[in-house]
Amino acid sequence: MKRKRVRVIKRILGLYLPLAAFLFFALFPFYWMAISSFKTNPELYNLRMNRLVIKTPTLEQYRELFEKTEILKWLFNSFFVSFMTAIISMVLGILAGYAIARLNFPGAKGFGVATFITYLVPTTLLFIPLAKVVQSLGLSNSIWSLIVTYPTFLIPFCTWMLIAYFKSIPRSIEECAMVDGCTRLRALIQIVLPMAIPGIIFSGMFSFTLSWNEFVYALTFISSTANKTISVAVPTTLIRGDAYFWGELMAASLVGSVPVALFYSFFMDYFISGMTAGALKGV
Amino acid sequence: MTSSAAQDRDAVRVWLRRFVKPEALTGYFMISPALFLILVLLAYPFGLAVSISLTDRILGVPGKFLGLTNFLKLLQDPLFLETARNSLVYTVSTVSLKLLLGLILAQLLNQEFRYRNVVRGLILLPWIVPTSLSVLTWLWMFDSLFSVINYMLLGLGIISRKINWLGDTFWAMVSVVIVNTWRGLPFFAVSILAGLMTIPDALYEAAEIDGARWHRKYWHVTLPLLQPIIAVVVLFSTIWTFADFQIVYILTHGGPINATQIFSTMAYDVAMVAGRIGEGAAISLFLFPILLIVIVCMLRYLRRE
Amino acid sequence: MQKKSKDPGKRSASKPFGRPMSRRKFLVTTAGAATALSLGTFLRSGLGATQVNILTWSNTLKAMDDVLREQAEKYSKEKGVEVKFEFINQTDLPTKTAAAVETGAGPDIITLWSDGPHLHAQALDDVSDICKSLGDKLKGWTNIGQDISNVGGTWRSVPWGIIPIAITYRTDWLKEVGYDKFPDTYDEMLVMGKKLNKKGYPMGFALGRSIGDGNQSHYPMLWAFGGKECEKDGKTVAINSAETAKAVDYRRELHQEAETPDVLSWDDSSNNRAFLAEAVSVTGNAASIYWAAKENAPHLREVINHALWPQGSAGRFGYSTAISLGVFKFSKAKKEAKEFIEWLLSPEQYSAWMGIGEGMMAGLLNYYEDDPVWEKDPKVEIMRSIPKYVRMPGYPAPPSRPAAEAMVKFVLVNMFARACKGMSTEETIAIAERELKDIYAKA
C-alpha cells in the first residue's frame, strides 16, 4: 500500500507536474489568444477587470474578420502555397536524396554539403536579389512566386532528411528487385518509397510548416491584399497606423493557427515515427 | 601497339566510365532539378548579395567597389560590436535553454501515459503556428500596461512591482529569449524524443543488470547515443537563431536603446530604412565565413561518427 | 473581381460558423475564382490596359482608407483608368519600397514617409509640373511640404499631408492640479508634470524604438532648447553643445519626476492604449487617441484636449510624419498616375478625405489651412497650425540620408533614453556625437 503511494507521488513529481508546466508554457499564449478574441473592446482594455476570464463573450471580432477582410482567401492562399511547395520539395528531395544516398558519382558528397550551407544564407537580405529574379520570371505579385522560391530553403532540409532515411533502408532489398529485372526507377517507386513513407511525410510536414510560417518573401513578392498568405496578411492589414486592434488580431491569429494544428493532429504519428525511424540519426 | 599504350587507353576508359556510367548519369539526372532550383534561386542571389556587400551601394543607385572596407569599418563601430554581443547572448542563451529543456521534455514525453499522442501534438503547437502571429500574441502579453504575465505574477504574489518587460534593457533580452525558446523548444523536444525512441531497450536492461542508477544510465547510455542528433539539432537551431528576425523585430525592434539589437534587425534598419544596402549586406554576411567553418567542421565530425 | 471575393464574405457573415460542407464548397469556389482571377489580371496586364496601382499605409482611421477606396472607384469609372489602392501597415512599408526601388517593379505610386523623397530621389519621377499646378491653384505649398518633396529644385513627390502630432492631455486632471489650459513652455510643463505625477497621473512620451512617437516627441524637444544634430551645411555634426545638454537634463528630470517608467518600452501604439486606459495624463500623439475614444472610451472624449508642443528658449517646434506620393520612374502609367494624384489632391476629393479624419491629417497646401474641417471641432482645431512648426530630422539642414539614418538608428531618442536610465549628460551626448559623426562621415 505504502509502496504504491510512493510510486504515485513519484509519478506526479517526476512526470505529471513537470509535464503540466511545459504544457502551460506552450499553450498559455494560445489561451490568451483565444480569450482576447472573444472579449468586447471595452472589456479588453479595462484594467480593473479579471483578465483571465471573459465576462461578456462576443463573436464581434470574428464577425468583423470574416465580413470585412478576405481571411478565407488568405487561408486558402496559405494552404495552396504550402501544399504545393511541400509536394515540390518532397519530390525534388526524394530524387536528390536517393541519388546521394544510393548512387555513386563524383560530386555527390559535395552537393550534400553545399545544400546544407545554403541554410547560412541570411534571408533578411536575400529577398532583394531574389525579388529581382522573381521579377524577371514575371511572377511578381503572384502566389506562384512563393511556390517557386520556398523550395529553395526546403529542399536542403528534405534532402538531408531523406539521405539519412534512404541509408537506413537495406540496400539488398532493392538490389534483389533489380536483379529480377526491375529498373532503378521502378525499384525506387515500388520498393524504396513505400518503406520510406514516414520519412517522406515527415519532410513534407516540415516543408508545409515552414511555408505556412514564411514571412519575408511573402511580404516582398506579393502586393495585392487578395494574394497574401495568412502570415503576412494578418499583420500587414490588421495593424492600422499606430494602433493594434488586439481583439481582431488575436481572432485572426487563432484562425491562422487552428488549421495547421488540425492538419498536424492527423499526421502526428507519422511525424514522430518519421523522426524516429532513423531520419536524424544517420546524418 | 605497346602494352603501355593499351594501359593508357584502359585508364582513359575507366576514367570515362566513371562519368558516363549509367549510375552516375542517373545520379546527375536525379539531383539536377534540385540543383537547378538552388543555383538559380539561391546561389545567384547570394552571389549578388555578396557582391553588394563589397560596395557602398545605396538603394536604387549602383555603388562603388570598396573591397572589404564595409566589414573592416563595422569592426570599429561600437554599435555593431554591441549588436554582435547581443546576437551572441541571444543565440547562446536560447540554444542552450532549448537544449536543456528539450532534453527534459523529451524524457517526459517518452514515458507511458494516457493521451500521450495528444500531449505530443499540443507541445508542437508553438512551433507550427506562424511566427508573425504568435509573436504578436507575446507582444500583447508583454504589453507595458495590459501584460497578463505581470497580472498573474502580481496576483500570485511572486513579484511586488510589475516588470517592465520590453522597456528594461535586461528584461527585454529576457523577453526575446523566452519567446525564442518557446517557439524553438518543440523542435528540440521532438527531435530528441525521436532519438530516444530509437535507443534499444536492451541497452538499458544491460545497464540495469550492472546496477546503474538512472543518472548514470542517462550519462553513459542515453547521452552518447543522442549525441549525433543533438549535434544536428543544435547546428540547425544555431543557424536559425542567428538569422532570426521576426521575434526581435516585432517585440522590441532592437530596443530599448540598443539592448536587443541583433545582426538581422540592424541589417534591416540600415539596408531597408536608411537605404545603405551595401553596409546592410555586410552586416548580415558578417558571420557567414565563421558559420561556414563551424558547419564544415561539424559535418566532418558527424560523418566520422 | 471585387464582387466575387466579396460574395463568400457575405455568406460566411450570415452564418459565421457554417457547416463544414459549405465551407469546403466555398474553398473550392474560391480556388477556382482565384485561378481565374490571377489569369485575368495576367492577361489584362499583358494587353496593356492602363492600371494605376498605389501602395499606401493603413491609416489608423479605417474610414479614411474607405474614402480613398471610394474615390479610386469613382475615378476609375469616370476616367476609364483603373486605379487601385493597396494598404499595408506602416512598419512594413519600407520593405516594400526598398524592394520596388531595387527591382524596378511594383506599384506605380508609392506613399513616402517624411524624408522618403530624398532617400529615393533616383527612383522617383519628376513631378514638378503637377506640384506647380496644384500650388498655383491652391495658394502655394507650405514650407514643410517643400522641404520634404523638393529635392535640389526638383519635386520628387507630391506632398500629400501631415499627420499632426500634438500634445494630447486630460483636461480634468489638469484642473485637479490647477491648470485650465496646457502650459506654453517646457519649463512650465515640467512643473505641472511633477504635480500631476504626485497625484498619480504621470505623463508619458515614448522612448522605445518605434519610428513614430519617440522621434516625434524628442526632435522638437531638442530643437526647442536650441540643440541640433548638425549645422546648416548638413555635414558638420553639432550635437555636442550646451543647448543639447540642457535638453538632456530637462528630459531626465521629466522622466524621473513626472513620467511613467513604461515609456522605455513604448512603441507607437502604447501611448494610445495607456491614455485610453487612463494610465497617463499627457502624451504626444496624433488625434488618433481622441478618435479612438469615440468607440472604446466615450466618457474620455469630453476630457481629452490637444495643445501645441511647448516652446523652449529657441522657439516652438514640431516633428510630424509627413506623407507624400511619388511616381516611380519604372511605372508604365506615369502620365495616368500623375493625373490621378492631381485629381486626388484637388479640394473636392481632398477635403472629403481630410474631413473624415477630423484632425488626423492636415493638408500641405496653404489652401487647406482654412478647410471647414477645422471649424467642426474646437478640440482638433489647433492641428491646423501644426504644419507651420514642423521641421524634418536633420534641421537646420535639409532632409538627407544621414539624417534619416540617424533617425532609424534612434541616435537622438537613445541619447535621451540613456539619460533617463541614469547616464550622465556628457557621456550620453558623447555617444550620440560619435554615432552621428560615423553616420555623417559616410555621406
Side-chain angles (χ1 to χ4, degrees), chain A residues 15 18-19 22-23 25-27 29-30 32-33 51 92 95-96 98-99 103-106 108 111 113 115-126 129-130 133 149 151-152 155 159 184 209 212-213 215 231 234-235 246 249-250 253 256-257 260-261 264-265 268 272 275-276 280-281 283, chain B residues 23-24 26-28 30-31 33-34 37-38 41-42 45-46 48-49 105 108 111 113 117 120-126 128-134 136-138 140-141 148 151 182 190-191 194-195 197-198 228-229 232 239 243 245-246 264 267-268 271 280-281 284 288 291-292 295 299 302:
Chain A
L15 177 67
L19 203 58
F22 273 111
L23 275 176
F25 179 51
L27 299 182
F30 296 101
W32 186 236
M33 216 185 246
R51 263 167 271 172
L92 299 193
L95 290 175
Y98 181 80
L103 304 176
N104 244 323
F105 61 98
F111 179 74
V113 176
T115 51
F116 201 101
I117 287 168
T118 55
Y119 269 109
L120 291 181
V121 180
T123 45
T124 32
L125 194 78
L126 199 65
L130 198 55
V133 176
T149 48
T152 54
I155 287 175
T159 309
R184 190 171 278 283
T209 314
W212 187 271
N213 249 313
F215 182 81
S231 68
V234 171
W246 284 113
L249 270 174
M250 291 297 105
S253 299
S257 310
V260 223
Y264 259 65
S265 62
M268 196 57 216
I272 300 275
M275 295 195 99
T276 328
L280 274 167
K281 72 178 173 191
V283 185
Chain B
E23 188 176 314
T26 324
Y28 290 125
M30 287 175 91
I31 61 166
L37 209 65
I38 289 174
L41 294 172
L42 208 64
F46 179 64
L48 222 61
L105 183 55
L108 294 172
Q111 297 185 39
F113 54 89
N117 260 4
R120 283 174 175 178
L122 289 175
I123 284 289
L124 264 181
L125 266 180
I128 60 183
V129 165
T131 324
S132 59
L133 307 183
S134 58
L136 277 177
T137 314
W138 279 99
W140 179 220
M141 284 165 59
V148 65
Y151 179 77
W182 174 80
V190 174
S191 304
M197 286 163 72
T198 57
I229 288 195
V232 175
I239 297 169
F245 172 70
Q246 285 189 49
S264 58
Y268 177 86
S284 59
F288 185 75
L291 285 177
L292 188 66
I295 296 257
L299 288 181
L302 281 171

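Note on naming: letters A, B, ... go to the chains in the order of the sequence lines (proteins, then strands), and numbering restarts at 1 for each one.
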Among the listed options [options], the residue most often paired with chain A at heavy-atom distances under 4.5 Å:
| options | answer |
| --- | --- |
| B:Pro126, B:Gly280, B:Ala49, B:Ala243 | B:Pro126 |
| B:Tyr151, B:Trp140, B:Phe288, B:Phe245 | B:Trp140 |
| B:Leu122, B:Leu41, B:Ile239, B:Leu125 | B:Leu41 |

What part of [X] gets closer than 4.5 Å to chain B, counting heavy atoms only: side chain, backbone, both or neither?
| X | answer |
| --- | --- |
| A:Trp246 | side chain |
| A:Val260 | both |
| A:Leu130 | both |
| A:Leu19 | both |
| A:Thr209 | side chain |

| query | Do the rings of B:Trp182 and B:Trp138 sit parallel, tilted or perpendicular, given the 30° and 60° boundaries? | reply |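 Aromatic pair B:Trp182/B:Trp138 classed perpendicular.
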
Can you find a heavy atom in the side chain of [X] that is under 4.5 Å from one in the side chain of [Y]?
| X | Y | result |
| --- | --- | --- |
| B:Thr137 | A:Phe30 | no |
| A:Met33 | A:Ser257 | yes |
| A:Val133 | B:Pro45 | yes |
| A:Pro235 | A:Leu249 | no |
| B:Met30 | A:Leu103 | yes |
| B:Phe113 | A:Leu15 | yes |
| B:Tyr28 | A:Pro106 | yes |
| A:Trp212 | B:Ile128 | no |

| Heavy-atom pairs under 4.5 Å with chain B, option from A:Pro18, A:Pro151, A:Ala99, A:Pro29 with the top count | A:Pro29

| query | Among A:Val234, A:Leu23, A:Thr149, which residue forms the greatest number of heavy-atom pairs with chain B at distances under 4.5 Å? | reply | A:Leu23

What part of [X] is in contact with chain A, defined as an atom under 4.5 angstrom from a non-hydrogen atom: side chain, backbone, both or neither?
| X | result |
| --- | --- |
| B:Phe46 | both |
| B:Ala34 | both |
| B:Leu136 | both |

